[in-house]
Protein chains: 2
Amino acid sequence: MAPTMDRHLKEESSSESQSPVVNLEPPVKSSPVLIDGISLNGPALDLHAAESFIQQSMAIIMEDAVRKATDVREKVCEWRSPEQLKELLDLELGDGGEAQSKILQRCRDAIRYSVKTTHPRFFNQLYAGMEPYSLVGSFIIEALKPSLYTYEVAPVFTLMEEAVLGKMIEMIGWEEGGDGLFNPGGSVSNMYAMNIARFHHCPDIKELGLSAVPRLVMFTSKECHYSVSKAAAFLGIGTKNVYVIPSDERGKMIPKVLEEQIMAAKNEGAVPFMVNATAGTTVLGAFDPIEEIADICEKHNLWLHVDACWGGGALMSRKHKHLLKGIHRANSVAWNPHKMLMACLQCCAFLVRDKTGLLQRCHSAQASYLFQQDKFYDVSYDTGDKSIQCSRKPDAFKFWLMWKALGTKELECRVDRALAMARYLAQEVKRREGFRLMMEPEYANVCFWYIPPSLRSMPDSPEFWQKVHTVAPAVKERMMKEGSMMVGYQPHGDKANFFRMIIISPQAGKEDMDFVLDEIHRLGKDL
Amino acid sequence: MAPTMDRHLKEESSSESQSPVVNLEPPVKSSPVLIDGISLNGPALDLHAAESFIQQSMAIIMEDAVRKATDVREKVCEWRSPEQLKELLDLELGDGGEAQSKILQRCRDAIRYSVKTTHPRFFNQLYAGMEPYSLVGSFIIEALKPSLYTYEVAPVFTLMEEAVLGKMIEMIGWEEGGDGLFNPGGSVSNMYAMNIARFHHCPDIKELGLSAVPRLVMFTSKECHYSVSKAAAFLGIGTKNVYVIPSDERGKMIPKVLEEQIMAAKNEGAVPFMVNATAGTTVLGAFDPIEEIADICEKHNLWLHVDACWGGGALMSRKHKHLLKGIHRANSVAWNPHKMLMACLQCCAFLVRDKTGLLQRCHSAQASYLFQQDKFYDVSYDTGDKSIQCSRKPDAFKFWLMWKALGTKELECRVDRALAMARYLAQEVKRREGFRLMMEPEYANVCFWYIPPSLRSMPDSPEFWQKVHTVAPAVKERMMKEGSMMVGYQPHGDKANFFRMIIISPQAGKEDMDFVLDEIHRLGKDL
């Protein structure tokens with residue numbers, strides 16, 4: 001495939017340039033050069049020693065951070081309080097260095113006391129599990145240190161990002177194509193959405209800022225991710241200019257109220273510019289009704305952004321993609337393959353339907369030292385000016401490599417299995433004494449209460465719920481100290497603290513679901 | 001040190017919970033559970049196969065992405081045009097997966113055609129070189145997939161971030177301490193600075209947005225990083241509200257003009273809120289006079305941010321830290337250890353002198369599902385609400401590990417050597433026929449022109465400079481196609497295209513400086 005090329009520059013260039021070839025051994029110092037008393041001859045880094053250290057570390061990483069971390073017989077975490085851990089880790093940074101053997105021990109300790117988020121019984125966040133292809137992709141990225149601003153510095157990863165974005169755009173259903181970029185987190189994707197939406201609404205904002213335009217307002221549901229509020233503050237929109245639309249009992253935005261609020265905002269003299277619909281809310285896993293919201297956005301000429309960071313995984317499943325029905329009508333989408341699809345952290349795409357270069361126009365600053373126009377290749381591959389970052393990691397590669405290895409079908413199977421597993425857990429919760437399901441899961445969030453025997457005969461009352469409210473934190477404390485599993489809990493609106501299980505990884509089986517319920521009971525039955 | 005604990009949960013909990021222990025082998029399917037036709041028994045991932053794949057990949061990474069990538073006898077890059085590379089890489093993502101052997105080959109190819117930014121002759125960006133400790137730190141992070149929002153999910157890395165920030169604050173000279181966080185890029189750090197500065201100026205902005213306040217303006221030099229302009233657009237300030245202060249012939253902001261512009265802005269009815277001083281500009285490596293700027297900021301009650309992303313490394317050097325004299329008077333500092341100090345990408349700190357929780361108040365959104373207040377440990381260790389991100393990588397660990405291994409003294413030696421090397425290169429440029437130094441380097445940027453023999457007898461004139469302008473792009477094209485080294489070029493103001501060498505890594509010696517000049521001449525002598 002690739003033309004054979006001589007990879008040894010030594011032979012190629014030394015005859016012409018007469019420059020001494022730098023060996024890995026420091027060269028014979030026939031003419032030592034000193035500046036400010038510092039010797040400048042040869043490399044000052046012992047590459048052999050460096051490689052030997054990396055090699056030894058890899059063995060530790062393989063054993064402790066991969067094999068043991070994913071072994072169901074091992075702990076999810078070995079809990080230490082901040083005070084204990086500070087003492088164990090000896091965090092101080094001093095003038096002198098430490099021997100490699102000491103540093104290797106520090107690596108072991110860092111791994112030992114870290115939470116094993118890749119463990120089959122880690123159900124605490126919207127990500128979980130160990131995906132080997134993606135992991136290898138991330139190791140390659142770390143070793144090569146590429147940055148995605150220009151094709152010349154990151155040729156391979158620039159093209160891979162384009163390929164992955166193109167495929168994700170296809171899954172969303174934008175038949176004419178689109179644009180996008182990977183960025184460090186769904187929160188940042190949501191910021192991109194707001195910035196591009198307001199720029200689309202009024203391009204002058206880029207130069208003149210918001211003090212020159214009327215009050216812009218946006219709409220999102222009560223159940224949306226907290227990053228929407230953070231983004232509104234950060235982008236100068238203001239948190240009060242995010243109009244919060246109530247959700248129904250399942251956590252879905254109520255479109256009728258959305259339209260009423262848009263009208264009300266206009267009557268106030270505010271200028272609505274976008275609606276954020278959530279596909280897969282953080283706590284309940286709810287999907288806003290995108291079709292109905294899209295109708296309203298079209299009618300009122302508002303940018304529709306779909307925050308599908310968590311729910312986007314369902315687009316891989318023919319069985320479940322109906323949850324996002326209408327997403328092809330969105331103007332932009334945030335979708336994190338590091339969540340349901342298990343790409344290594346972070347792997348987050350922001351996608352726009354626009355194909356006229358809106359993303360570039362909105363964010364460009366045309367730095368002359370990076371984006372020279374007199375380069376010898378097609379500079380449309382220098383994608384960095386679409387971004388708000390300068391250095392940007394090629395996160396798409398992690399997803400590309402696993403997608404190549406697994407294929408779309410296996411990704412689909414995994415999503416289908418995770419969602420079936422959530423249904424199994426919900427059945428068990430309903431079946432078992434002392435557990436109460438909050439609602440049937442639509443996605444991979446299963447929300448439920450554990451009622452210890454002491455409370456089971458109490459009638460539902462404010463007093464009962466006050467007592468139930470204290471159960472999950474107490475069980476969580478014991479769970480962490482035991483290290484047997486990690487499951488999150490939270491209050492929500494007027495609901496007392498409940499557990500929220502998130503099911504993603506194929507490492508978990510129905511036995512692990514049974515274990516979770518058994519273990520919660522074991523830990524909390526005396527409460 | 002650590003109390004001995006039984007790491008085998010199997011024995012600990014199975015007697016009580018009666019749950020079947022999940023073996024690495026799928027369990028005997030005595031009672032198969034099917035939901036939606038999907039078998040839920042046991043893990044659906046073959047962990048043995050996964051581990052074997054990771055192990056094989058590690059050998060490839062070690063050989064191709066570490067050993068060969070850093071070998072001076074190998075190419076810095078194996079150039080392919082986008083069209084050629086697309087064909088070589090077979091980027092399409094399909095329904096079916098691929099065999100592990102195929103994926104291993106894809107890893108080799110991705111490495112082969114990527115630029116080796118860790119090569120001793122990569123001088124193209126403000127980062128370079130291979131730092132083994134930091135690299136191992138990043139591998140550990142990738143394997144463990146931590147996220148820094150809460151102590152419970154990232155105990156080790158939360159404490160390490162605190163330790164590193166504390167030490168950086170000490171190097172800055174904030175004797176009373178401070179606050180901060182690591183984030184994905186210096187551009188983002190500069191955004192944090194602008195947001196916190198305006199929040200400090202007027203806390204109402206967070207809720208009400210910029211449309212409710214008078215026009216805010218900020219000041220920065222002509223030579224500042226382009227992220228300042230990007231940030232002003234993104235944060236709703238507007239690029240025109242960034243007042244650009246001219247720099248002197250060395251690239252340093254002229255304080256007298258700064259003060260005049262502040263007065264002029266006030267007379268226009270605008271509200272100045274911050275000054276961005278740059279410590280180490282991108283192209284010239286210039287340091288703005290912080291002391292004088294701090295005087296002006298104090299007088300006018302303006303937030304002083306120092307963008308020391310690039311120049312911060314000099315704080316490690318007793319010999320060179322005078323370049324940042326006065327930085328202890330700044331209200332905030334951006335400093336990227338991934339640049340001069342060689343931590344793996346990305347490793348970027350944003351630091352504030354404030355100790356009253358300003359960072360938290362400015363960015364918090366108090367998500368109840370993450371930042372529960374009824375946790376059993378001190379929730380002040382849940383630092384996530386200071387951040388605009390949700391998932392956040394523990395980049396500080398990469399720096400912590402290398403700092404432990406090398407000690408402050410070795411970091412200092414490296415900075416001193418890089419800056420001495422820059423002076424050696426400048427001497428050589430001046431000494432050699434056909435090279436012209438733009439200015440004596442103050443830091444690690446060496447800017448110079450190459451004048452091919454055909455132009456050497458021409459007098460300095462617009463025509464001469466027009467011709468010189470075409471030399472660097474032509475040499476760069478040949479350099480890339482040869483793969484022998486990477487050095488950046490750019491125009492700057494009214495200056496014709498020139499080379500900008502960035503010297504960082506101890507892998508390079510004076511022989512590599514000689515090589516660069518020889519090679520530019522070899523590649524460009526016929527132009």
Side-chain angles (χ1 to χ4, degrees), chain A residues 10 17 19 22 33 35-36 38 40 42 44-45 50 57 65 72 91 93 95-97 103 114 117 132 136 138 142-143 145 156 163 167 184-185 206-211 215 226 229-230 233 236-238 240 365 367 369 374 376 389 403 405-408 420 473 477 490 506 509-510 515 518, chain B residues 17 19 22 33 35-36 38 40 42 44-45 50 57 65 72-73 91 93 95-97 103 114 117 132 136 138 142-143 145 156 163 167 184-185 206-211 215 226 229-230 233 236-238 240 365 367 369 374 376 389 403 405-408 420 473 477 490 506 509-510 515 518:
Chain A
K10 191 174 168 179
S17 71
S19 79
V22 177
V33 170
I35 300 256
D36 292 343
I38 300 166
L40 302 181
L45 182 77
S57 309
V72 73
L91 295 160
L93 298 164
D95 285 348
I103 298 297
S114 285
T117 69
V136 165
S138 72
E142 295 306 313
K145 298 211 296 193
V156 169
K167 193 72 185 176
K206 183 175 177 181
E207 283 190 357
L208 301 181
L210 290 174
S211 61
R215 183 165 64 94
Y226 74 100
S229 169
K230 287 209 177 200
I237 291 167
K240 284 201 171 158
Y369 76 97
D374 52 5
F376 66 98
Q389 298 179 276
W403 201 331
L406 300 173
T408 311
E477 175 173 359
Q490 64 276 297
K510 74 96 137 150
F515 175 85
D518 290 342
Chain B
S17 70
S19 79
V22 176
V33 171
I35 300 257
D36 292 345
I38 300 166
L40 301 182
L45 183 78
S57 308
V72 73
R73 295 162 304 186
L91 296 161
L93 299 163
D95 286 348
I103 298 297
S114 285
T117 69
V136 164
S138 72
E142 295 306 313
K145 297 211 298 193
V156 170
K167 192 73 184 176
K206 183 175 177 181
E207 284 191 356
L208 301 180
L210 291 174
S211 62
R215 182 165 64 94
Y226 73 102
S229 170
K230 287 210 175 199
I237 292 167
K240 283 199 172 159
Y369 77 98
D374 52 5
F376 65 98
Q389 298 180 275
W403 202 332
L406 300 173
T408 311
E477 175 172 359
Q490 65 276 295
K510 75 90 137 160
F515 176 84
D518 290 342

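All chains are named by letter (A, B, ...) in the order of the sequence lines, taking the proteins before the strands, and each is independently numbered beginning at 1.
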Any idea which of [options] has the most non-hydrogen atom pairs under 4.5 angstrom with chain A?
options	value
B:Gly96, B:Gly185, B:Gly97	B:Gly97
B:Lys510, B:Lys206, B:Glu477	B:Glu477
B:Ala420, B:Ala233, B:Ala367	B:Ala420
B:Asp36, B:Leu208, B:Ile35	B:Ile35

Return the option, out of [options], with the maximum number of heavy-atom pairs under 4.5 Å with chain B.
options	answer
A:Ser211, A:Ser229, A:Ala163	A:Ser211
A:Val33, A:Thr117, A:Leu91	A:Leu91
A:Leu406, A:Leu93, A:Val156	A:Leu93

Worksheet entry | Which atoms of A:Lys167 approach chain B - backbone, side chain, both or neither, heavy atom under 4.5 Å | side chain

Discussion item. Given heavy-atom pairs under 4.5 angstrom as the criterion, report whether the side chain, backbone, both or neither of A:Ile38 touches chain B.
Written reply: side chain

Worksheet, complete the sentence: Between B:Gln389 and A:Tyr226 the two heavy atoms that sit nearest each other are O-OH, 4.1 Å

Worksheet item: Do you know which two heavy atoms are closest between A:Ser57 and B:Val136, and how far apart they sit?
Response: OG-CG2, 3.3 Å

